Every structure is written in structure tokens, then in C-alpha cells.
Amino acid sequence: MSARSLKSLLIRQWMLFATCIAVLFASAGLLLLFLLEDSFIDRQLKAAARSVAAAAPAMTRLPPEFSVYPASRVPLDIHAQLPFAQVGRPFEMRRADRRYVHVLLVDTPTRGRLAVVYDVTDQLTVTPRLGTGLLIVLGLTALTLLAAAVLARAFVGRLARRAEHLVEDVRRTPHPGHLRELSEAQEILEFQRLLGLHADVWEAQLTAVESERQTLAYLGHELRTPLQSAQTSLALLAEQRDDCAAFERLQRALARLTRASRAALWLATDRAPDLSTTTALLPLVRRLANELAPLAAQTGQVIDVDMSSSLATGGPDEIAETIVANVLLNAIQHGGAGPVVIHGDAGELTITNVRRHDAERGGFGFGLQIVRRLGQRIGWSIDVVQADGSMTVRILLDPPTGRPP
């Protein structure tokens, strides 16, 4: 289907509308003329009938166009219409000789029922001049269409220019926020909605690109360190099979790689997790604490777990494990010497660690955004609270499964 410009489309529709209006008014005017003419003729016929009914037969003087017949002696062509006529209500007909008449039945006290016939053939004004009237109507219609075309080009041209300027403004818009400001400044509601929709699509696209960038950065960060550790540990184990420290580093590296791959899968898919399954958090946290305790000991930290055994959450355990592991690993790698306290109760899980004095190594850059994106998949809300000497990560679990009734 070939595309048309907005200007030509609106002009055509406006011309069609103007044509319909012109034809409607011409038809209505012509019908009104016929009605007025018939009304004038019927009033004259009724006036003549009243004079016939009121005057004596010898005193009845009517113009030559009028004829009065007893109802039983009217001409045959008129008599054929009398069964359908009512007294006091005029009717019109064309006679056998093509003359056009109006007929009215009237009851008189002395002469009985009479038929007053009004020959209006020479009195008609609209019908004989119908051709001339049609030419006038066509001329007026043409003038109406010409005026409609001029007005349409003036009005629609202004609208088309506004649409063209709007397209240019959209092309020059640097970001979705400016596009929303442009939308709010629009006087036309449809343009406003169109710009708002474009801004929504643009923001969704930017969000998708930013999410992809974060995911790639997360994978680059999460995979590089455990791969290097795994390679180093394998090299040490090849020389000395009973190196427990190398074996533990290899275990941590493989666990971190596994969690990173699971996180990447969940970040890259739109599949909704099954929240009907329940995961107990205490065994999961203890397993992570035992796994990362040797790493924490290297920096003078101790992992302290203080959790209720009934604390649970809905959703896959690999998402919960990845979130808690990332927060705990961040507390170990970027926290200062001292305890790392994991506390959980009443639908809330907190991980608190001592802050280092160097603020540049405080941790939680884009990793916090990744953790929050994972938390949204299972209904978790994650906040970071920094005090003078500590940093606390608060994880509010999904209320339907994380909070006791």
C-alpha cells in the first residue's frame, strides 16, 4: 500500500466532508422549497374551500384556477382518488391531461360534500425552474469546494508543517528526557501520546543496552578472577597433590564460576522463576560461610552467622545463593578486619562488615545493580546502609514466603 502524506490525506477527507455537507444542504434547501410551495398552495385551497362552504351557490366566486364539483360528479381521474382521501385534508395528483392539481373535500350544509380542485400547473415555481436551480446548486457547490480546498490547505498545511518540525525535533533529541519535555509542550494530544510512546521505547532500549553492558561487565569481573585462581591452583596441585590451600582455592573458584554462569543465565532470560518452591536460607548461608571462611581469615575477618532456622524464601535456590554469595564476597574483599555478621529473622537478611579506611576500596559498584536485578526476579529488595565504621546490606525477602504470617 503506497503511503500518503498527512497533508494530502487530510485535504481529501476535508474535501469529501465539504462535498457531503454541500449536497446535504442543497437537498435540504430543495426539499424546503417544495414544502413551502405545497404549503402555500394548500392554504389557498383551504381558503377557497371555506368560502365555498360558507357562501350560497350563486355567490361563490372563485378564480379560474379553481373548480368545484359535487363529490359524485367529479371527473373520473379525480374520482379514482377519492376513496383514499379524507375530508379537510388536501391531496395532490397529476391528471390524465398531465395537469397538476390539488384537491380538497369539504362538507357543506346545503350542497353536501363537494370537491374543490385547484389547478396549480401554471402556479408551480420550483419544478419548472428545477434545472436552473440545479445549475445554481452546482455552482454554489463548486464555490464551496474551492473555499474548502483553500481553507484545508491553510489549516492542514499548518498542521503538516508542525508535524515536520516535530519529526526534526525528534531526530535532534539527545535523550529520552528531552523527548518527554517535548511531549509535554505539545498542544495536540495525539502528538503528545506519540512522543510519550517513543520516549518509553527509547528508555526501554537504553535499559536493555545498559543491562547487557552490566551483565557483560559482571561476567568479565566474575570469570577473570576465579579462572586465574583455578589455573594457579591446578598448577600447584600438579606439583603437590596434597596442597590443601590450593584445593580450597580451586573449590572456591569453581563455585564462583558456577554461580556466575547461573547468574548470567537468569540475567539473560525473561523466563519467570518458579516462586512456589521454598528455599531454607540457613543451610545455604552456612554453606557459603564455610566456603568463604578461609578467604575471610586471610584478611583477619570472621564470619558470624546469626539466623533463624525458619527463615525461607520463594524461588530457585541458585538465585538466592548467587545474591548472598556476591554480598558476602563483597564484604570480605572490600571490608576491614573484624567480624562479618550475617543476621536473619522476620523476612529480613542483613550482612554487616567493618569498613576500610580507604574509601576507594569500599566495594559495590555495578555489582550492586546486578544483585538488585537478580533480587527483583524473586521479589527481594536490597539496600545498602553505610555508617561511620560499618556497612550493612539489608535484604528484604519476598513477603508471601519470606515473612511469617
Side-chain angles (χ1 to χ4, degrees), residues 13-152:
Q13 292 180 350
W14 176 256
M15 294 288 290
L16 179 61
F17 171 75
T19 302
C20 294
I21 291 297
V23 172
L24 177 63
F25 275 95
S27 302
L30 186 61
L31 179 61
L32 182 60
L33 288 176
F34 277 113
L35 292 176
L36 289 176
E37 187 176 58
D38 282 347
S39 176
F40 179 73
I41 292 174
D42 287 341
R43 278 192 295 174
Q44 288 183 313
L45 179 61
K46 289 180 180 180
R50 285 195 298 270
S51 64
V52 168
M59 297 180 61
T60 304
R61 300 284 182 142
L62 296 176
E65 295 85 7
F66 289 89
S67 301
V68 180
Y69 302 96
S72 59
R73 297 180 184 180
V74 296
L76 293 178
D77 52 354
I78 299 178
H79 189 275
Q81 301 296 325
L82 294 184
F84 308 101
Q86 297 181 10
V87 177
R89 295 189 61 179
F91 67 92
E92 53 191 82
M93 61 172 291
R94 188 175 294 277
R95 299 193 61 182
D97 57 358
R98 310 304 298 170
R99 306 289 291 180
Y100 196 76
V101 298
H102 282 225
V103 181
L104 177 63
L105 295 178
V106 57
D107 289 331
T108 63
T110 58
R111 290 183 289 174
R113 181 167 296 178
L114 301 178
V116 181
V117 180
Y118 185 13
D119 188 347
V120 297
T121 306
D122 299 329
Q123 306 296 322
L124 295 177
T125 304
V126 178
T127 303
R129 294 174 175 79
L130 187 59
T132 305
L134 289 177
L135 292 177
I136 296 175
V137 168
L138 290 177
L140 292 176
T141 302
L143 291 177
T144 302
L145 293 180
L146 180 61
V150 173
L151 293 176

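Hydrogens, waters and symmetry mates play no part in the numbers below; they use all other heavy atoms, side chains included. The first residue of the sequence shown is numbered 1, and numbering continues consecutively from there. Note that the structure is predicted; figures quoted are calculated from it, not measured.
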> Is it true that atom CG of Leu76 has more than 12 heavy atoms of other residues, nucleotides or ligands lying nearer than 6.0 Å?
Replying inline: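 Atom CG in Leu76 is not crowded, with 12 or fewer foreign heavy atoms closer than 6.0 Å.
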Could you pull out all donor-acceptor pairs under 3.5 Å where a side-chain atom in residues 27-35 meets a protein atom, sequence neighbours excluded?
| from | atom 1 | to | atom 2 | distance (Å) |
| --- | --- | --- | --- | --- |
| Ser27 | OG | Val23 | O | 2.9 |

>> Pair Lys46, Leu104 - check side chain to side chain contact (heavy atoms under 4.5 Å, CB included), show working.
In response: CA-CA 7 Å; Lys46 289 180 180 180; Leu104 177 63; 4.0 Å; yes
Taking every non-hydrogen atom, the tightest pair across [X] and [Y]:
| X | Y | answer |
| --- | --- | --- |
| Phe91 | Gln81 | CE1-CB, 3.7 Å |
| Pro75 | Arg95 | CB-NH2, 3.1 Å |
| Leu45 | Pro90 | CD2-CB, 3.9 Å |
| Leu82 | Val74 | CD1-CG2, 3.6 Å |
| Val106 | Ala53 | CG2-CB, 4.0 Å |
| Leu114 | Pro70 | CD2-CA, 3.8 Å |

>> Checking the side chain of Arg111 only, and the main-chain atoms of Val52 only, is there a donor and an acceptor separated by less than 3.5 Å?
In response: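 Between the backbone of Val52 and the side chain of Arg111 there is a qualifying donor-acceptor contact (under 3.5 Å).
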> Partners of Asp38 by salt bridge (Lys or Arg N to Asp or Glu O under 4.0 Å), sequence neighbours excluded?
Replying inline: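 Once residues adjacent in sequence are excluded, Asp38 has no partner under the salt bridge (Lys or Arg N to Asp or Glu O under 4.0 Å) criterion.
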>> Below 30° counts as parallel, above 60° as perpendicular, anything between as tilted: where do the rings of Tyr100 and His102 land?
In response: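 Judged by the thresholds at 30° and 60°, the geometry between Tyr100 and His102 is perpendicular.
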>> Do Gln86 and Leu105 make a side-chain contact, defined as non-hydrogen atoms from C-beta onward lying under 4.5 Å apart?
In response: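 When only atoms from C-beta onward are counted, Leu105 and Gln86 do not touch, as no gap falls below 4.5 Å.
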>> Could you check whether any side-chain heavy atom of Ile21 comes within less than 4.5 Å of a side-chain heavy atom of Phe25, counting everything from C-beta outward?
In response: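 A side-chain contact under 4.5 Å exists here.
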Could you measure the distance from the [atom1] atom of [X] to the [atom2] atom of [Y]? Nearest 0.5 Å is fine.
| X | Y | atom1 | atom2 | result |
| --- | --- | --- | --- | --- |
| Met15 | Leu146 | CE | CG | 8.0 Å |
| Glu92 | Asp42 | CD | CG | 7.0 Å |
| Leu143 | Leu138 | CG | CG | 11.0 Å |

> Residues in side-chain hydrogen bond (donor to acceptor under 3.5 Å, both in side chains) with Asp119, at least two apart?
Replying inline: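 Here the qualifying residues are Arg99, Thr121.
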